[in-house]
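Following: one structure in structure tokens, then a few remarks.
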Amino acid sequence: MQAILNEQEILRREKLTQIRQMGIEPYPAELYPVNAYTKDIKKNFVPGTPPDTNNIVQLAGRLMSFRIQGSASFAELQDSTGRIQIYVRRDDLCPSENKEYYNTFFKKLLDIGDFVGIKGYVFQTQVGEISIHVTEINLLAKSLKALPIVKTDENGVSYDEVTDPEFKYRRRYVDLVVNPKVKDVFLKRTKIFQSVRDYLNSFEYLEVETPILQAIPGGATARPFITHHNALDIPLYMRIANELYLKRLIVGGFEGVYEFAKDFRNEGMDRTHNPEFTVLELYVAYKDYIWMAEFTENLLQKIAMDLYKTTDVQVGEKTISFKAPFQRLTMYEAIEKYTGIDISQKNEEELREVCKNLKIDVPAHAGKGKLIDEIFGETCEHHLIQPTFITDYPVEMSPLTKKHRSKAGLTERFELIVNGKEICNAYSELNDPIDQRERFEEQMKLQARGDDEAMFIDQDFLRALEYGMPPTSGIGFGMDRITMLFTNQSSIQDVLFFPQMRPEKIIEMAKTEDYLTIGVREELIPILQKLNIMTIAELKKVNPNKLFGDMGGMRKKLKLDQVKLPTKEEIEGWINS
RNA sequence: GAUUCUGUAGCUCAGUCGGUAGAGCACAUCACUUUUAAUGAUGGGGUCUUGGGUUCGAAUCCCAACAGAAUCACCA
């Protein structure tokens, strides 16, 4: 069943038929040999060189604009690397008397958005623009829907840019074709991932894969997605973190392991949260969190250099310097710095009082760790614009972290805050199996108090620790947030190709067979649809006399003169069937 | 989940006090041999998101639904 087509869609389908009638296949099967890209042509052309008609370039892409000037035309071809102007002359395409290929095929039957392959030679127009003088043009794929046309003038100001987020996110493919800046964000995203991977590989750490479907969702405090395995008849969870699996691999004897992992959390969505997101987790044996902090600042500095060849990165109004070393503050120092309150000696009751005084709402079931986390999040985070390591978290909010070597009640943990947002979370990993079991039991108590995010006990993980895990430091990087930072995007949806959206509402239209069953001729269906009669139930409700009149009018409007109108008896037949 | 804002042509947007729906680009027809977001002339294209209500009359006012955004809540 075909959806209702607008004028331009109908027109392009008609052109498709005409193209076939000319003996041209609009969707040819053969490969198209390409020997040049627009970016290279523009980069390598030496201004002032006379055209070399023997040096034929062959390239392929989408037509993005036409400027037809009678028997000569300009158009723009967009390939994967950019755009170039092409110059098409009637007498080049049609050396013989028959000018149909230019006059009809090129001028009338090609549209913006069509994929074509061209052969030609590079030259400069009188205005100086590097262009391709086309000697041959072939259709590679016809486009049936009009692209929104975005134009950019010489100052880089764009006109009619597609800005509607719903359109951009639901039809990212169109957004990418039409908005080059969007494409650039995703190129940078991949470049960031490559930069990180290169760095980790240079230390010979091993890239691994661990389960996404987990019987026990561990390694983080978050609400999981739940699914079901039919053969085993057990619930399975989509992973919220891969930490516990990577540590098992350290137990197994690897020196360093890492994974770019998709994690899934069944929580709210906003411009910094998507239900699925990418985290890089890295674990290195025989290291501690002090080593990891240095490793982290070097890594971020490298990303900045790889991307921009400088450590200064523009994020919104601010310039952020990724030049190592970064500032370090303990969590208690940070809270004292921004609130003037020293909470280091306070118990749960007193912390609750502090929250009340600072007007911070906290859940009734919150434990000490949660309370401190709330205070920090509310009072400090947004002040930390330049990269800052916050270190030494209270033990209650870090159930997988080794106790601090010298400060009681704290753990060896840091988070890196940049532009008011957490970018990564790292610690000296807890490898004392007995301590770990006690920490899990604390989490169970929190669960009993109503914290539905507290961790489950993973018995196999504890067993692994009992076999012995070397001292290890681990870190998790929020790769999407890092990408947001380095591409200057303020929402996570803009650094994900396909952010999560509510499914599009689909109009339940009657199928062709449904119409045929009640006796409607197939050729009449478009007329009924254009009259907005989309279901059989609607059709049966209409007044046959009115429909008879309406159909006549609509047939004329749609220029379907060849279609024979139904008689009034025919219409009554449908309605009474 | 709560509040606020938004939804008009393929795209970007106007639309006055409630009185027959507008522009630019895109599209079509004609003209044009080097143009630079934008050549000229002419033309086609709309269930004004959907459903109710008020009204002689609703894109416009009211209610609800749907979708998106922002803020908050929840949460890395």
Between [options], which nucleotide gets closest to the side-chain atoms of [X]?
| X | options | answer |
| --- | --- | --- |
| A:Ile112 | B:U35, B:G68, B:C27 | B:C27 |
| A:Asp91 | B:C27, B:U33, B:C75 | B:U33 |
| A:Ile149 | B:C75, B:C25, B:U36 | B:C25 |
| A:Val162 | B:A69, B:U33, B:U12 | B:U12 |
| A:Tyr87 | B:A67, B:U34, B:A38 | B:U34 |
| A:Ala72 | B:U12, B:C30, B:U33 | B:U33 |
| A:Tyr169 | B:A69, B:C11, B:A67 | B:A69 |
| A:Asn6 | B:U36, B:U33, B:G10 | B:G10 |
| A:Arg502 | B:U33, B:U36, B:G68 | B:G68 |
| A:Ser71 | B:A73, B:U34, B:U33 | B:U33 |

What about [X], does its side chain sit under 3.5 Å from the base of [N] through a donor-acceptor pair?
| X | N | result |
| --- | --- | --- |
| A:Thr163 | B:U12 | no |
| A:Glu129 | B:U34 | no |
| A:Asp160 | B:G24 | yes |

Would you mind classifying the nucleic acid contact of [X] as base, sugar-phosphate or nothing, using non-hydrogen atoms under 4.0 angstrom?
| X | answer |
| --- | --- |
| A:Gln8 | base |
| A:Thr152 | sugar-phosphate |
| A:Gln85 | base |
| A:Glu76 | nothing |
| A:Gly268 | base |
| A:Arg90 | nothing |
| A:Arg170 | sugar-phosphate |
| A:Leu147 | nothing |
| A:Lys15 | sugar-phosphate |

Work out how far the [atom1] atom of [N] is from that of [M], and round it to whole angstrom.
| N | M | atom1 | result |
| --- | --- | --- | --- |
| B:U33 | B:U49 | C1' | 48 Å |
| B:G52 | B:A59 | P | 14 Å |
| B:C17 | B:C61 | C1' | 12 Å |
| B:U54 | B:C62 | P | 15 Å |
| B:U60 | B:U20 | P | 14 Å |
| B:G43 | B:U12 | P | 26 Å |
| B:G19 | B:U3 | P | 32 Å |
| B:G53 | B:A9 | C1' | 28 Å |

Next on the checklist: Which heavy atom of A:Thr411 sits nearest to which heavy atom of A:Ser398, and what is that distance?
Outcome noted: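 Nearest heavy atoms, A:Thr411 then A:Ser398: OG1-OG, 3.5 Å.
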Checklist entry - Mind checking whether A:Phe66 and A:Phe106 have ring centres under 6.0 Å apart? => result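 Under 6.0 Å, so yes.
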Donor on one side chain, acceptor on other, [X] and [Y], under 3.5 Å:
| X | Y | value |
| --- | --- | --- |
| A:Ser143 | A:Arg12 | yes |
| A:Asp153 | A:Tyr159 | yes |
| A:Asn425 | A:Arg413 | yes |

What nitrogen or oxygen pairs link the protein and nucleotides 40-43 of chain B at under 3.5 Å?
none

Which nucleotide, if any, forms a Watson-Crick or G-U wobble pair with [N], using both distances under 3.5 Å?
| N | value |
| --- | --- |
| B:A9 | none |
| B:A38 | none |
| B:G57 | none |
| B:C27 | B:G43 |
| B:A70 | B:U3 |
| B:A21 | none |

Item to check | 5'-most by nearest nucleotide on RNA chain B - A:Pro165 or A:Arg271 | outcome: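 On the 5' side of the pair lies A:Pro165.
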Checklist entry - Taking the nucleotide of RNA chain B with the closest heavy atom to each, which residue, A:Arg481 or A:Phe167, is nearer the 5' end? => result A:Phe167
Item to check | side chain to side chain donor-acceptor pair (under 3.5 Å) between A:Thr125 and A:Gln85, worked out | outcome: CA-CA 10 Å; A:Thr125 62; A:Gln85 174 168 271; 4.6 Å; no
Next on the checklist: Angle between ring planes, A:Phe123 versus A:Tyr87, binned at 30° and 60°: parallel, tilted or perpendicular?
Outcome noted: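 Judged by the thresholds at 30° and 60°, the geometry between A:Phe123 and A:Tyr87 is tilted.
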Checklist entry - Hey, is NZ on A:Lys421 packed in by over 12 heavy atoms from elsewhere, all under 6.0 Å? => result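 Check fails, neighbour count at 12 or below.
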Checklist entry - Taking only residues two or more places apart in sequence, or in another chain, which ones meet A:Ser491 in a side-chain contact (heavy atoms from CB on, under 4.5 Å)? => result A:Tyr169, A:Arg271, A:Gln493, A:Asp494
Item to check | A:Arg172/A:Asp175 ion pair, N-O < 4.0 Å | outcome: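 The answer is yes: the pair qualifies as a salt bridge.
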